[in-house]
Amino acid sequence: MANCVYEPNRIVAVTNALNTNRSEAIFSAAKELMPGGVSSPVRAFKSVNGNPIVFDRVKGPYAWDVDGNRFIDYVGSWGPAICGHAHPEVIAALQEALEKGTSFGAPCELENQLAEMVIEAVPSIEMVRFVNSGTEACMAVLRLMRAYTGRDKVIKFEGCYHGHADMFLVKAGSGVATLGLPDSPGVPRSTTANTLTAPYNDLEAVKELFAENPDAVSGVILEPVVGNAGFITPEPGFLEGLRELTKENGALLVFDEVMTGFRISYGGAQERFGVIPDLTTMGKVIGGGLPVGAYGGKKEIMSMVAPAGPMYQAGTLSGNPLAMTAGIKTLELLKQEGSYERLESITQRLIKGIVQAGKDEGIPITGSSISAMFGFYLCEGPVRNFEEAKSADSELYGKLHRAILEKGIYLAPSAFEAGFTSLAHSEDDINSTLQCFQECFSEIKK
Ligand code: HOZ
């Protein structure tokens, strides 16, 4: 298959198939050392054709693999790289912080600084606890929901992913959807008995669940914009309706903004849509590329967390100075004037171009974007929930993924993951990407 090779911002040559010899060798060895050869499932490329590309380094909007191929990257480390990979100011701040040590296991002033920035930016957050991943944040918030309300059940939505804690592995998105696993062995039935699910964008279903479980539901948790079942946006009135329903039923509303936090807007999806939850979880962007997670909300609720209150949750590396430093610098960069306007405009141009390129070749396609997050499905659409997302042509997505990878574009190796742009993606990167999409749609329709 033809392969466009890029120098920054322009196509310079066309070569034959991608040479991935070193990637293949490393992955083959990795399979003997780690389950499936990876540290997290989706990156194993199981739902698309071929083996994963092994990365060597990343910079700006680009990733280079161990064979020297360069890719325009729309995964962005699954979200954190919103300023572009290895931003020079983030790296410089980290180098300075590194000199003072990698982990304190004691309070540090940087925690106050990042906490203040998060509280100032995110409407629902009056107090925050830092943890080490989005999974950890969601696991803790669930305990807090139950502790605060004294109720055990939780409502989640099909195709939403809130990390891999037991109670969330029910009709989950992301890797669970990618691998087609309805749920996971090892999760006790007694645990998931307390997890109620509804189709996304379906207020009636939520109403029914509340009616069937009076005074038993601690709250509703959701991705306010879904990024783990592809990319699904909330229909007008959906988030507002959930806000009302939770209030009426004495339950909490929780936004999982691990993906959307500081990405959909500086204040997250809650700021963009003007619906304020009781609690919020975050990760990815607020760690600027280092492992981080956070949960926060009203002071009254957060005061239940130990040692202020009785709900226990802890972590050796939580609030560590490197993650705090990368987060602070990343938020400072995002705060600069025009950041979100730029992210919105390039991402819109990208998704409109992708959808048009597909349609021009007669391929069923639908797609959308908000701010620096986008997604498309290879079906006529509209896609409003997980069932509709699953009706897209996943085999064709696999073909497209391989074809465009060979042209130097790195898309999520799953039809059930959103795409991410960054401030480092230039107009020329978008042009080059769209040209590759046009060529690939033409190739794969044959
Ligand atoms: N959970 C992430 C995607 N939504 C990570 C996937 C991976 O790294 O495999």
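Every number for a ligand or one of its atoms is a count from 1 in the order of the listing.
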The test is side chain to side chain donor-acceptor pair (under 3.5 Å); show your working for Glu257 and Thr260 and say whether it passes. CA-CA 5 Å; Glu257 297 232 39; Thr260 54; 2.6 Å; yes
Could you go through the side chain to side chain contact (heavy atoms under 4.5 Å, CB included) check for Asn228 and Cys160 one step at a time? CA-CA 6 Å; Asn228 282 291; Cys160 280; over 6 Å; no
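Looking at atom 7 (C) of ligand 1, its nearest protein heavy atom turns out to be Ser40 OG, 3.2 Å. In terms of protein heavy-atom proximity, atom 2 (C) of ligand 1 is closest to Ser174 OG, 4.1 Å.
Near Asn228, meaning under 4.0 Å from one of its heavy atoms, ligand 1 places the atoms 4 (N). Ligand-side atoms of ligand 1 in range of Glu417: 3 (C), 4 (N), range being under 4.0 angstrom from any heavy atom. Against a heavy-atom cut-off of under 4.0 Å, Arg43 is close to the following atoms of ligand 1: 7 (C), 8 (O), 9 (O). For ligand 1, the atoms sitting less than 4.0 Å from at least one non-hydrogen atom of Met259 are 4 (N), numbered in the order shown with element in parentheses.
Side chain to side chain, Ser371 and Glu344 fail the donor-acceptor criterion of an N or O pair below 3.5 Å. For the residue pair Glu388/Tyr377, the side-chain donor-acceptor check at 3.5 Å is not satisfied.
Classified by interplanar angle (parallel below 30°, tilted 30° to 60°, perpendicular above 60°), the ring pair Phe437/Phe441 is tilted.
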